[in-house]
*Asks:* 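Below you will find the structure I want to go over with you.
Every chain is numbered from 1, with letters handed out A, B, ... down the list of sequences. Everything numeric here is computed off the predicted structure, so don't read it as measured data.
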2 protein chains.
Amino acid sequence: MQNRLTIKDIARLSGVGKSTVSRVLNNESGVSERTRERVEAVMNQHGFSPSRSARAMRGQSDKVVAIIVSRLDSLSENLAVQTMLPAFYEQGYDPIMMESQFSTQMVEEHLGMLQRRNIDGVVLFGFSGIKDDILKPWQASLVLLARDASGFASVCYDDEGAIRALMQKLYEQGHRHISYLGVPHSDVTTGKRRHEAYLAFCKKHNLPAVASLPGLAMKQGYDQVASVLTPHTTALICATDTLALGASKYLQEQRIDNLQLASVGSTPLMKFLHPEIITVDPGYAEAGHQAAAQLIEQINGRSEPRQIVIPAKIS
Amino acid sequence: MQNRLTIKDIARLSGVGKSTVSRVLNNESGVSERTRERVEAVMNQHGFSPSRSARAMRGQSDKVVAIIVSRLDSLSENLAVQTMLPAFYEQGYDPIMMESQFSTQMVEEHLGMLQRRNIDGVVLFGFSGIKDDILKPWQASLVLLARDASGFASVCYDDEGAIRALMQKLYEQGHRHISYLGVPHSDVTTGKRRHEAYLAFCKKHNLPAVASLPGLAMKQGYDQVASVLTPHTTALICATDTLALGASKYLQEQRIDNLQLASVGSTPLMKFLHPEIITVDPGYAEAGHQAAAQLIEQINGRSEPRQIVIPAKIS
DNA sequence: CTGTTAGCGCCTTCAG
DNA sequence: CTGAAGGCGCTAACAG
C-alpha cells in the first residue's frame, strides 16, 4: 500500500516526460503511436494506476457519489441499487451508501456531510416530507428516485400505468368488486397517484371503489385489510408488495382464499411466498440503471436534469 | 461546489500563517489558546472544511472503507450494515458498498479495484469458497464477517451457542423429536458448525437426529422440509431464517400446524410473518458495530487482527 | 509531438 | 509559539 509508482516513475522508466505520461493516461490526442504504446507497456507491466487523490485535487472531482436509501432492507430499493452499483463502477465512480430511515433530518445531515466532502453527486430515494429547498444546492448533481420535483432530475415509476395494468387484468378476469389498499396522499407517488389511478379506473368502468390508505408498513396492511373487504369483494389491489405481504398474512390466517390479490412490485420474496398474486413490475432494475446513467451525465455536464418515467411491466 | 475556502484563506482572514491553521485543524499542541480560538472562530464562521483529497495526498489515507456484502437483500447482512454505517461516519470514514453475489471472482475483482484505489480497509461478508490467499494482501486492513480465517480479523456469530440455545429451549418444552434443516458443510459456519452443534445436542440428550442440508435458499427449505419430517417429529430447527421462511411456507400449504418451528436469525420480516417461531438473535447489529470498530482500530494501527465472537441472544 | 514549469490544498520541516 | 518554504502526484499552460 506504500510505495506505489507515480507518473514520474513511469516517465523515467519509459524515458519520457511526466506530461506525456499524463496525456497517455487521459487518452489525450497529440501523442505519437509509438510513444503511447511504449508508455502503456510500462504501465501495464508495473500495474500502475494513478493516485485518485492527486487527480481529485487538480480536477475538483474525486469520482465519488452517494446513494441515500430510505432503508437498507427495502426490497424495492435494493433492486434498484443492485443495478446502480455496477453502473457506477463501470464509470469509475465509487458509490458510498447512506440510510435516511425516512427522516428528513437524516437526509439533511447526510447531504451536509456530503457537501463538506465535496462529493460529485447523489441519488436520493425520495419520500414524503423532503422539502425542495433542502435539495436546492444539489440541483445540478442530484437524481431523485421514486419521486419527482420540478427542477430536479428524477426517475419515477409509472404509478398510474402500474395500477391501471393491474386493474385491467383483474377486470378482464371478470372481477367487478376490486378493493384497494394503499398509502396516504402525503406520499405523492406511491400514495396519491396510485390511489387516484385506482379511483379513475373504477369511475371509468363504473365499479364501486372501496379503499383504505393505512401506510407503507406490512403491519398496516395486515391490520387494515379487513376494512376494505365487503361481502362482494373478489379482488384486492395493494399499492406495494409490502402491504400485500401484510394483507395476505391476514387472509391466510382467516382462511380467506377466494380473493384474487394483486400488487405493485414483483420482488423475489413476493414471487416466492405468493406466486399466486398478480404483480406488476414497476421496473426497479431499470430505474437503478437509468438513475446512475442520468447522474453521471449530469456530473459530466452532458445533460440537464431530466425527469424519467420507467414504464411498468406486468408479469 | 466551486470556490471553497482553503487554509490559505482562513490564514489570511485570521491573520496567521497557513501552518498555524493546519495545526489548529489537526489539534496539534503548540498553539497559544488565543490564536487557536481566533482561528477556530473564523473556521466556523465560514463553515470551513479541509479538502479531503489534499489531505489524502499527503497522508496516504483518504478515509474510505469498503463493505462487501454477499447480497444487498440479505436480511441478516442488512442488519449488520445498518449499525456499521453510522459507526464509520462517526469516525469520518466513507463506506462504499459492493456486492459479491457469493462469487469469489467478484470478490477478487472488487478487491483488485479497491487496492488500486488505495482504500483504507474492507469489511467482507464471508462465504464458502473464498480462498485465504486472495485476502492475503489485506491481512492488516480487513475484517471478515460471519466467517473466520487464521491470521485475519473476524467477527463471527456464536453458531454453536445459537443452536444449543434453541435446542435447549425446545427440549425444555418437552420436544424429543427435533429435526434439522441446514446448510452443507462446505459453508463452515452456517453449515458445518451449526449442524454439528445440533448433532452434539442430540447425542448428549440421546435424541434421534434427523437432518437435511439443502442450502441457503428459501426454495431449498421449501423443497426439503418434507424429507426431515417423520411421524414423530414435533419440532424443527432451521439454520437460517431464510430456510425457515421456505419451510414454513410448505408447512402452511400442507396445513401442518402441530410443529414447533425454531430458527437462527430474528429479522423483522421473520418476526412479523411468523411470530410463533422461536428464534435466536445471533447479534447482527452488534456484529456490525464491532466489525466497524475493529476495522478502524486496525487502520489506525491500534489493534492487531482479532477474532471476535458475538454471543447469541435467545428472544 | 514532447518536455518544462507552475501550481491545486495540505502537512511538515526548519528557522525565526 | 509562529511563519516561510518545499513537496505529495497530477494536470494544464507554455515553450520548444
*Asks:* Return the nearest nucleotide to the side chain of A/Val16; candidates are C/dG3, D/dG7, D/dC10.
*Replies:*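 Given the options C/dG3, D/dG7, D/dC10, the side chain of A/Val16 is closest to C/dG3.
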*Asks:* Is any side-chain heavy atom of B/Leu75 less than 4.5 Å from a side-chain heavy atom of B/Tyr284?
*Replies:*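 When only atoms from C-beta onward are counted, B/Tyr284 and B/Leu75 do not touch, as no gap falls below 4.5 Å.
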*Asks:* Could you give the angle between the helix axes at the two ends of the helix from C/dC1-D/dG16 to C/dG16-D/dC1, with five pairs per end, rounded to 10 degrees?
*Replies:*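 The end axes of the helix from C/dC1-D/dG16 to C/dG16-D/dC1 are about 40° apart, to the nearest 10°.
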*Asks:* CZ of A/Arg52 versus P of C/dG9: gap in Å, rounded?
*Replies:* 19 Å
*Asks:* Should the ring pair A/Tyr93 and A/Phe88 be called parallel, tilted or perpendicular, given that the plane angle runs from 0 to 90° and is split at 30 and 60?
*Replies:* perpendicular
*Asks:* Using a strict cut-off of less than 4.0 Å between a Lys/Arg side-chain nitrogen and an Asp/Glu carboxylate oxygen, indicate whether B/Asp9 and B/Arg12 qualify as a salt bridge.
*Replies:*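 Result for this pair is yes, salt bridge flagged.
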*Asks:* Please tell me if A/Arg55 has a side-chain N or O lying less than 4.0 Å from either OP1 or OP2 of D/dT11.
*Replies:* yes
*Asks:* Salt bridge check, B/Asp73 against B/Arg71: does any charged N sit closer than 4.0 Å to a carboxylate O?
*Replies:* yes
*Asks:* Hey, can you pull the residues of residues 18-36 of chain A with a non-hydrogen atom under 4.0 angstrom from DNA chain C?
*Replies:* A/Lys18, A/Ser19, A/Thr20, A/Arg23, A/Gly30, A/Val31, A/Ser32, A/Thr35
*Asks:* Can you confirm whether B/Glu77 sits close enough to B/Ser70 that some side-chain heavy atom of one is under 4.5 Å from a side-chain heavy atom of the other?
*Replies:* yes
*Asks:* Does A/Ser14 offer a backbone N or O that forms a donor-acceptor pair with the side chain of A/Arg38 under 3.5 Å?
*Replies:*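 Judged by distance alone, yes, a pair lies under 3.5 Å.
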*Asks:* Without swapping roles, check the side chain of B/Ser53 against the backbone of A/Ser53 for a donor-acceptor pair under 3.5 Å.
*Replies:*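 A pair under 3.5 Å: no.
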*Asks:* Are B/Asp94 and B/Arg52 close enough for a salt bridge, meaning some N to O gap below 4.0 Å?
*Replies:* yes
